[in-house]
Amino acid sequence: MTQDLFAIPIASMKGVSAPKAGELHALGVSTVGELIEYYPFRYEDYRVRALHEVKDGEKITVQGTIAAHPSLQRFGGKSRLICRVTVEGLLLTAVWFNRAFLKEQMEVGRDIILTGKWDQRRRQLTVAESEFPDRGGGRSGTLQPVYSVAGSLTQAWMRQKIDRALVEYGAMIPELLPAELLNRHDLMPRREAILRIHRPENTHEGQEARRRMVYEELFLFELKLQAYRALNRKAPDGIAHKISGEEIRAFAAALPFELTEGQKQVINEITHDMKQPFAMNRLLQGDVGSGKTVVAAVALYATVRHGCQGALMVPTEILAEQHARSLGRLFEPHGIQAALLTGSMTDRKRRDILASLQMGMIDIVIGTHALIQEDVFFRRLGLVVTDEQHRFGVNQRSVLRRKGLNPDVLMMTATPIPRTLAITVFGDMDVSTIKERPKGRKPIKTYWVKHDKMDRVLGFIRREAELGRQTFFICPLIEESEKLDVQNAIDLHMTLRLALPDLQIGLLHGRMASAEKDAAMSTFAAGETTVLVSTTVIEVGVDVPNATLMIVMDADRFGLSQLHQLRGRVGRSDHQSYCVLIADPKSENGLERMQAMTDTDDGFEIARRDLELRGPGEFFGTKQSGVPDFRLANLLNDFAVLEQARDDAAALTAEPAFWSSPAYAGLRDHLKREALASGEPLD
Ligand code: ADP
Ligand code: MG
């Protein structure tokens, strides 16, 4: 009876041949359980409607009475059956094509249900399907599910197989949610909800069924997050850092600038967490240029003073090199050893660093994904910081986390997710936010122009150069071909060298050797080149405060958040900065994005619009954020449910009974399965 529906192969169902099973598999349906949870994406409406609600050309179902004997016209092998029918006291003409056999059944005074296309002007219905209610058991009055089908699978076949699965296995659908939650939110039992989502009696029932399943989906998602959080809280097996406020203040005082209030605030939140015997799991959000790096530096400093090592993981080598340089400078006077570890190092150098790390001669290591290779060992890892965390998969982070004895973890991101959404989506983390940028920063002036304004763009570069400022010139990444992409950059570089012969123009792209890239970046950072032509390899993190002009070629090819990141490469000093987007006005959706960019340079507002334009699925990018693709739920529309689900999941996992009572065994099993699937064991 408690057989797992997800263990019954679909091919074992009657009428599902091997080729059909193959086609179902392609739709993600391999088991009976998956078939039952293959929900319709809409319903075909066969419910009887009132004529006055109907618009011209709509497909409708109405009920009426046959008013006169039908007439039949034949032409060639075809036929047309015409009949006058009274509907709501109104006489209308119903027309059937090639259904001559119906003529005999049309007795005057008999009730009939007609489905077809309504022609308002001629008061005529072209009938697609008709039924006599005195026969009973028809389609009319119902909502028929419409499934996404492909290949040789038809709608009718799918309906039939799902109906059959529901009849045969419906009784085995288990309940997952605790009764108290069903009661509190007035939710249907699971079995009923699944039956009704496929076969609703009416719209309300369909909505209620969907509401139940959306809640379940979001609740199970939150339960996993909250369970990790609760487990973490239960086990005081993290590192209780000893941190002296005085030392932190001294370190801050040695910085070349004064920390902003926002920076001080988040440093307090972070060090408070680090002092606790629980492992920190904190997300630091702050718009581009808000000064997150120095916050990471303070936290890394704190772990080193406690006698631990720190790791800073970043998504690109360029960023790793930059952080290694700037943090190296910060830490050196304090006698703290920082080292770089990237994939492009020579074996010999790499072995050296690995040995020093393991022996504890290196305090802080800064690197790319090279940090999570199997042969990297720490003597005592106390804190892991990931910069631009949205660029990392969830697994990559947990691998690094497991390299230490439950080290503290700080994740930083400038892809600002609306705060409420972040707290919920990253429900297992605490969230800190830096709101303001350092004092004296002026808003970046943003313009968008067409390609024919190149002369003015060149004039702009020259003017900034005369003021001693520098320019980034970005060419787009062409998804299909990195080669083309590189060629673009090389061509643009040549064009600019010819057009601006008196300026030093650098070039940076993904196909260059690491040493070359580093050289291009550091000459630009040192002000030896005035313009840097680059692909999006500099999209995140790069910090050259003297650069004040960001030009993006073919800006309509970029996403909104990406454009905002690129713009964030300027505006990092007191100088007025500019962003010029060169875009094709005819591009699809391009103008909306250009408009959003010129309207605001607030990353949170940009994120909101991006979310709106792209929808949550793409916005979060399943792999990168760890946010799953929900089957039914939509993070924007169902946000209130998500919040409710989070609160419920948090309350439940905080109860000791959740971890032991047989009443919750089903949920615990579900969690274990999920945990195994994600590679992050629960205990
Ligand atoms: P992001 O948050 O985008 O990572 P960074 O940490 O790269 O920002 O900081 C942006 C720039 O602002 C850097 O040049 C950094 O040195 C500088 N900066 C950071 N904090 C302050 C501050 N409190 N006052 C002035 N400049 C600051
Ligand atoms: Mg940064």
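Computed from heavy atoms alone, side chains included, the values below leave out hydrogens, waters and symmetry copies. Keep in mind it's a predicted model, so treat the numbers as computed, not measured. As the structure lists them, so they are numbered: ligands from 1, and atoms in each ligand from 1.
- Side-chain contact check for T548 and E464: at least one donor-acceptor pair (N or O, by modelled atom type) lies under 3.5 Å.
- Numbered from 1 in the order shown, with element, the atoms of ligand 1 that lie under 4.0 Å from a heavy atom of G291 read 1 (P), 2 (O), 5 (P), 6 (O), 8 (O), 9 (O), 19 (C).
- Remark: minimum distance from atom 10 (C) of ligand 1 to any protein heavy atom is reached at R572 NH1, 3.0 Å.
- Near V288, with a cut-off below 4.0 Å to any heavy atom, the atoms of ligand 1 are 3 (O).
- Listed by number with element, the atoms of ligand 1 under 4.0 Å from a non-hydrogen atom of E258 are 22 (C), 23 (N), 24 (N).
- A donor and an acceptor atom, one from each side chain of D584 and H451, are nowhere located under 3.5 Å apart.
- Applying the ring pair (Phe, Tyr, Trp, His ring centres under 6.0 Å) test to pairs two or more places apart or on separate chains, those with a residue in residues 522-550 are F472-F524.
- Within the structure, ligand 1 has R441 among the residues with a heavy atom less than 4.0 angstrom away.
- The shortest separation from a heavy atom of G289 to ligand 1 is under 4.0 Å, placing the residue in contact.
- Nearest protein neighbour of atom 11 (C) of ligand 1, counting heavy atoms only, is D543 OD1, 3.6 Å.
- Below 4.0 Å from some heavy atom of P545 lie the following atoms of ligand 1, by number and element: 14 (O).
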Exercise for the section: Check step by step if side chain to side chain contact (heavy atoms under 4.5 Å, CB included) holds for Q309 and L357. Expected result: CA-CA 9 Å; Q309 289 165 300; L357 254 186; 3.7 Å; yes
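- The closest approach between S290 and ligand 1 falls below 4.0 Å for a heavy atom of the residue.
- In this structure, the protein non-hydrogen atom closest to atom 20 (N) of ligand 1 is Q263 NE2, 2.9 Å.
- Atom 1 (P) of ligand 1 has as its closest protein heavy atom K292 NZ, 3.4 Å.
- Taking every non-hydrogen atom of T260 and a distance limit under 4.0 Å, the qualifying atoms of ligand 1 come out as 23 (N).
- Near L259, meaning under 4.0 Å from any of its heavy atoms, are these atoms of ligand 1: 23 (N).
- In this structure, R463 is positioned above the aromatic face of Y578, its NZ or CZ under 6.0 Å from the six-membered ring centre and within 45° of the axis.
- The distance from ligand 1 to the heavy atoms of T293 drops below 4.0 Å at these ligand atoms: 4 (O), 5 (P), 6 (O), 7 (O).
- Between R567 and D601 there is a side-chain heavy-atom pair separated by less than 4.5 Å.
- Using modelled atom types and a 3.5 Å distance limit, the side chains of S344 and S514 yield a donor-acceptor pair.
- A donor atom on one side chain and an acceptor atom on the other are found under 3.5 Å apart for H241 and T303.
- Under 4.0 Å is where a charged nitrogen must lie from a carboxylate oxygen, and between D375 and R350 at least one such pair does.
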